[in-house]
Amino acid sequence: MKAFDYLIVGSGLFGSTFAHFAHKAGKSCLVIDRRSHLGGNLYCEDIEGINVHKYGAHIFHTSNKDVWDFVNSIVPFNRYTNCPVANYHGELYNLPFNMNTFCQMWDDVKTPADAEKRISEQKAEALASIGGREPRNLEEQALCLVGKDIFTKLIKEYTEKQWGRDCKDLPAFIIKRLPVRMVFDNNYFNDLYQGVPVGGYNRLIEGLLDGVDTKVNCDFFKEPEFRDWRAMADTLVYTGPVDEFYGYRYGRLDWRTVTFKTRVEDIPNYQGNAVVNYTSHQEPYTRVIEHKHFEMFGPAVYDCPKTVISEEYSVEYKPEMEPYYPVNDVKNDALAEKYRQLSLAEKDVIFGGRLAEYKYYDMAPVIEKVLDLTSKLFK
Ligand code: FAD
Ligand code: UDP
């Protein structure tokens with residue numbers, strides 16, 4: 001008899017949700033994580049009574065009612081709605097690009113017709129400057145979609161900071177689906193449901209892992225007990241980096257990463273919003289997050305006398321850093337495909353989540369994937 005039905009490597013959203021359904025189906029599971037805490041990138045640290053999103057701001061959003069009902073059955077979600085603000089040399093603009101942005105950008109724009117006229121003039125100018133051909137890089141694409149004023153103040157330098165290269169050297173597809181709304185609506189997402197768990201994301205993870213055996217500070221590759229994991233579990237659920245699983249035999253996958261500088265401010269309200277994007281090169285960071293605004297609304301902001309701020313910096317990834325976003329360029333996609341072929345051939349291993357699949361997943365699609373997988377496994 002093996003000790004566990006499932007050994008689950010990684011306690012992020014994929015591993016924790018899988019463990020939840022396996023446990024519910026009467027399967028025994030052990031979840032391990034090499035970090036000192038559970039929850040993967042959803043983990044929040046309590047600083048001054050505020051839940052600080054340690055691995056970057058996380059806002060849950062979905063139009064899938066089953067996913068929304070499921071997460072709310074674990075922990076209720078609040079009414080947080082993501083409405084980022086952009087700061088360009090001290091000028092403030094609402095995002096995403098909508099009627100509020102256009103009225104702030106141009107004094108004589110008051111109606112959707114005014115905005116459409118102004119934007120289409122600038123789009124026509126951009127298209128003429130490239131002789132009517134297809135845009136060949138991000139700069140040309142953005143100018144043809146929204147015109148020079150929005151591109152200059154809200155896209156160019158932010159994108160250059162985020163990607164570490166000139167907009168002319170970035171592919172057009174990154175910005176192909178820029179939302180432009182002719183209504184006064186600052187809601188960043190188009191989804192039916194969005195929010196943040198009441199009490200923070202750790203509550204969601206605790207709820208998912210309720211009754212499941214877990215072990216932190218435990219690296220699958222470094223602990224001798226896992227060398228022959230098949231002796232202890234029937235199936236391995238692996239949510240770590242796929243190239244590491246195979247000892248980097250074809251080479252290392254690249255990632256884009258971000259770092260954070262977090263500090264406490266001795267005032268109750270620093271920027272009046274959870275997310276402010278800094279869209280010029282004047283500031284070296286891309287965004288400033290004020291964490292309390294994810295969970296404290298209206299007068300409640302002032303119940304807590306302090307606030308916690310994180311500046312977000314985009315940096316080139318080096319092997320010892322946390323991997324954040326896959327770099328889905330031709331070279332890395334081809335490498336990931338080679339690893340995927342190896343992983344498909346494994347019999348007793350399930351590969352899942354953003355690191356093991358080398359794929360950017362928002363949280364809701366991770367839940368969707370696990371719901372689908374476990375509904376087949378535990379019929
Ligand atoms: P992870 O959370 O990374 O979990 C993997 C876990 O495996 C980690 O805890 C790691 O320590 C562990 N592990 C790896 N290797 C080993 C090993 N050898 N031994 C033991 N443990 C190991 N999604 C949204 O829906 N909304 C957002 O606003 C949003 N914002 C984001 C912001 C940032 C900066 C980033 C990077 C992502 C954001 N996401 C957001 C996406 C979200 O973080 C992912 O959907 C989610 O984290 C995926 O969970 P996962 O379990 O696949 O990965
Ligand atoms: N972007 C921009 N200005 C902004 C916000 C976003 O130009 O204020 C561009 C930028 O190129 C970025 C893309 O839009 O890569 C997608 O941004 P989003 O914040 O949606 O996603 P992220 O990649 O930061 O998760």
Side-chain angles (χ1 to χ4, degrees), residues 7-18 31-43 53-62 67 80 82 84-88 93 95-97 101 138 141-142 146 150-151 153-163 167 170 174-179 188-189 191 194 196 201 205 215-223 226 237-242 244-245 255-260 274-280 286-287 289 294 312 314 322-326 351-357 359-367 369-370:
L7 170 62
I8 301 170
V9 176
S11 63
L13 194 59
F14 191 100
S16 299
T17 309
F18 186 95
V31 177
I32 62 164
D33 205 296
R34 63 179 163 201
R35 292 181 182 169
S36 60
H37 57 76
L38 300 169
N41 280 6
L42 272 59
Y43 174 71
H53 296 208
K54 207 166 166 209
Y55 299 93
H58 277 71
I59 302 126
F60 198 97
H61 56 100
T62 184
V67 168
Y80 177 77
N82 197 31
V85 167
N87 181 320
Y88 180 77
Y93 296 94
L95 295 173
F97 309 135
T101 329
L138 191 146
Q141 182 70 67
V146 288
I150 293 176
F151 174 71
K153 293 190 169 182
L154 300 179
I155 297 176
K156 182 176 162 37
E157 295 172 43
Y158 182 91
T159 301
E160 287 174 353
K161 278 195 284 190
Q162 183 163 344
W163 295 90
C167 285
L170 285 164
I174 295 182
I175 211 113
K176 234 170 189 155
R177 281 180 213 277
L178 267 190
Y188 204 63
F189 301 118
D191 283 312
Q194 69 178 297
V196 163
Y201 282 95
I205 298 295
K215 207 168 164 191
V216 293
N217 294 312
C218 179
D219 190 323
F220 179 67
F221 299 108
K222 295 199 177 132
E223 304 290 329
F226 300 117
V237 177
Y238 179 78
T239 74
V242 65
E244 188 176 5
F245 190 85
W255 299 83
R256 191 163 67 77
T257 198
V258 281
T259 58
F260 305 96
V275 184
V276 176
N277 290 5
Y278 282 81
T279 57
S280 93
T286 49
R287 307 195 289 184
I289 307 299
F294 289 120
E312 191 173 315
S314 212
E322 283 289 345
Y324 276 95
Y325 302 95
F351 290 81
R354 66 185 189 98
L355 301 168
E357 296 181 58
K359 198 169 163 194
Y360 180 80
Y361 279 116
D362 269 332
M363 293 180 276
V366 169
I367 304 257
K369 270 221 121 170
V370 180

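Remember, predicted model here, so these are calculated numbers, not experimental data. Whatever order the structure lists them in is the order used to number ligands and atoms, beginning at 1.
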- Message: Only heavy atoms of Thr239, strictly under 4.0 Å: list the atoms of ligand 1 that pass.
- Response: 5 (C), 7 (O)
- Query: Atom OH of Tyr360 and atom CZ of Arg354: how far apart are they, to the nearest 0.5 Å?
  - Reply: 9.0 Å
- Query: How far is atom 46 (C) of ligand 1 from its nearest protein heavy atom, and which residue and atom name does that atom have?
  - Reply: Leu42 CD1, 4.1 Å
- Message: Below 3.5 Å, N or O to N or O, backbone or side chain included: is there any such pair between Phe14 and ligand 1?
- Response: yes
- Item | Trace of the salt bridge (charged side-chain N to carboxylate O under 4.0 Å, His left out) decision for Glu322 with Arg35 | CA-CA 11 Å; Glu322 283 289 345; Arg35 292 181 182 169; 2.8 Å; yes
- Closest non-hydrogen atoms of Phe14 and Gly353, given as atom of the first, atom of the second and distance, are CD1-N, 3.4 Å
- Message: Considering both backbone and side-chain atoms of Tyr325, is one of its nitrogen or oxygen atoms within less than 3.5 Å of a nitrogen or oxygen in ligand 1?
- Response: no
- Message: I need the nearest protein heavy-atom contact for atom 22 (C) of ligand 1: residue, atom name and distance, please.
- Response: Arg34 CG, 3.8 Å
- Short question: side chain of Ser314, backbone of Val258 - any donor-acceptor pair under 3.5 Å? no
- Message: With a cutoff of 4.0 Å, is Tyr43 in contact with ligand 1, counting heavy atoms of the residue only?
- Response: no
- Query: Looking at atom 18 (N) of ligand 1, what's its closest protein heavy atom, distance included?
  - Reply: Asp219 OD1, 3.1 Å
- Message: Could you report the tightest heavy-atom contact between Leu170 and Ile174, atom names first, then the distance?
- Response: CD2-CD1, 4.2 Å
Just list the N/O pairs, ligand 2 to protein, that are under 3.5 Å apart, with the distance for each.
{"residue": "ligand 2", "atom": "3 (N)", "partner": "Leu154", "partner atom": "O", "Å": "2.8"}
{"residue": "ligand 2", "atom": "7 (O)", "partner": "Leu154", "partner atom": "O", "Å": "3.4"}
{"residue": "ligand 2", "atom": "7 (O)", "partner": "Thr159", "partner atom": "OG1", "Å": "3.1"}
{"residue": "ligand 2", "atom": "8 (O)", "partner": "Asn277", "partner atom": "ND2", "Å": "3.0"}
{"residue": "ligand 2", "atom": "11 (O)", "partner": "Thr159", "partner atom": "OG1", "Å": "2.9"}
{"residue": "ligand 2", "atom": "15 (O)", "partner": "Gln162", "partner atom": "NE2", "Å": "3.4"}
{"residue": "ligand 2", "atom": "15 (O)", "partner": "Trp163", "partner atom": "NE1", "Å": "3.1"}
{"residue": "ligand 2", "atom": "19 (O)", "partner": "Tyr188", "partner atom": "OH", "Å": "3.3"}
{"residue": "ligand 2", "atom": "20 (O)", "partner": "Tyr188", "partner atom": "OH", "Å": "3.1"}
{"residue": "ligand 2", "atom": "23 (O)", "partner": "Gln162", "partner atom": "NE2", "Å": "3.1"}
{"residue": "ligand 2", "atom": "24 (O)", "partner": "Gln162", "partner atom": "NE2", "Å": "3.3"}

- Heavy-atom closest pair, residues Pro323 and Leu355: CG-CD2, 3.7 Å
- Are any of the N/O atoms in Tyr361 less than 3.5 Å from those in ligand 1? yes
- Message: Taking the basic N atoms (NZ, or NE/NH1/NH2) and the acidic carboxylate oxygens, is any pair closer than 4.0 Å for Glu223 and Lys215?
- Response: no
- Message: With nothing but distance in play, are any N or O atoms of Tyr55 less than 3.5 Å from an N or O of ligand 1?
- Response: no
- Could you pull out the closest heavy-atom pair between Ile175 and Ala142, with the gap in Å? CG2-N, 4.1 Å
- Within the structure, does Glu244 bring an N/O atom to less than 3.5 angstrom of an N/O atom in ligand 1? no
- Query: Starting from atom 8 (C) of ligand 1, which protein heavy atom do you reach first, and at what distance in Å?
  - Reply: Asp33 OD2, 3.5 Å
- Which bit of Val366 gets closer than 4.0 Å to ligand 1, counting heavy atoms only: side chain, backbone, both or neither? side chain
- Query: What atoms in ligand 1 come closer than 4.0 Å to a heavy atom of Ala57?
  - Reply: 28 (O), 29 (C), 30 (N), 31 (C), 32 (C)
- The protein heavy atom nearest to atom 25 (O) of ligand 1 is Met363 N, 2.7 Å
- Note on the structure: Shortest non-hydrogen pair, Lys153 vs Thr279, comes out as O-OG1, 2.8 Å
- Task: Starting from atom 53 (O) of ligand 1, locate the nearest protein heavy atom and write down its residue, its atom name and how far away it is, to 0.1 Å.
- Result: Arg354 NE, 3.5 Å
- Message: I'd like to check which ligand 1 atoms, numbered from 1 as shown, lie under 4.0 Å from a non-hydrogen atom of Tyr324.
- Response: 34 (C), 36 (C)
- Which residue holds the protein heavy atom closest to atom 49 (O) of ligand 1, what is that atom called, and what is the gap in Å? Leu13 N, 3.7 Å
- Please identify which atoms of ligand 1 are closer than 4.0 Å to at least one heavy atom of Gly353. 52 (O)
- Query: Hey, what's the ring geometry for Tyr201 with His53, parallel, tilted or perpendicular (30° and 60° as the breaks)?
  - Reply: perpendicular
- Atoms of ligand 1 less than 4.0 Å from Phe221 heavy atoms? 18 (N)
- May I ask you to check whether Asn41 has an N/O atom sitting below 3.5 Å from an N/O atom of ligand 1? yes
- Parallel under 30°, tilted from 30 to 60°, perpendicular over 60°: which one fits the rings of Phe245 and Phe220? parallel
- atom 28 (O) of ligand 1 sits nearest the protein heavy atom Ile59 N, 2.8 Å
- Is the closest side-chain donor-acceptor distance between Tyr278 and Lys161 under 3.5 Å? no
- Query: Which of the atoms in ligand 1, numbered in the order shown and given with their element, are less than 4.0 Å from a heavy-atom of Gly240?
  - Reply: 14 (C), 15 (N)
- Item | Electrostatic pair Lys156:Glu160 at N-O distance under 4.0 angstrom | yes
- Item | Nitrogen or oxygen of Phe220 less than 3.5 angstrom from that of ligand 1 | yes
- Checking Gln194 side chain against Asn82 main chain: does a donor-acceptor pair fall under 3.5 Å? yes
- Message: Geometry only, no angles: is Tyr238 polar-contacting ligand 1 at N/O separations under 3.5 Å?
- Response: no
- Task: List the atom of Ser11, the atom of Leu38, and the distance in Å for their closest heavy-atom pair.
- Result: OG-CA, 3.3 Å
- Note on the structure: Short version for Cys218: what comes under 4.0 Å of ligand 1, heavy atoms counted, is backbone
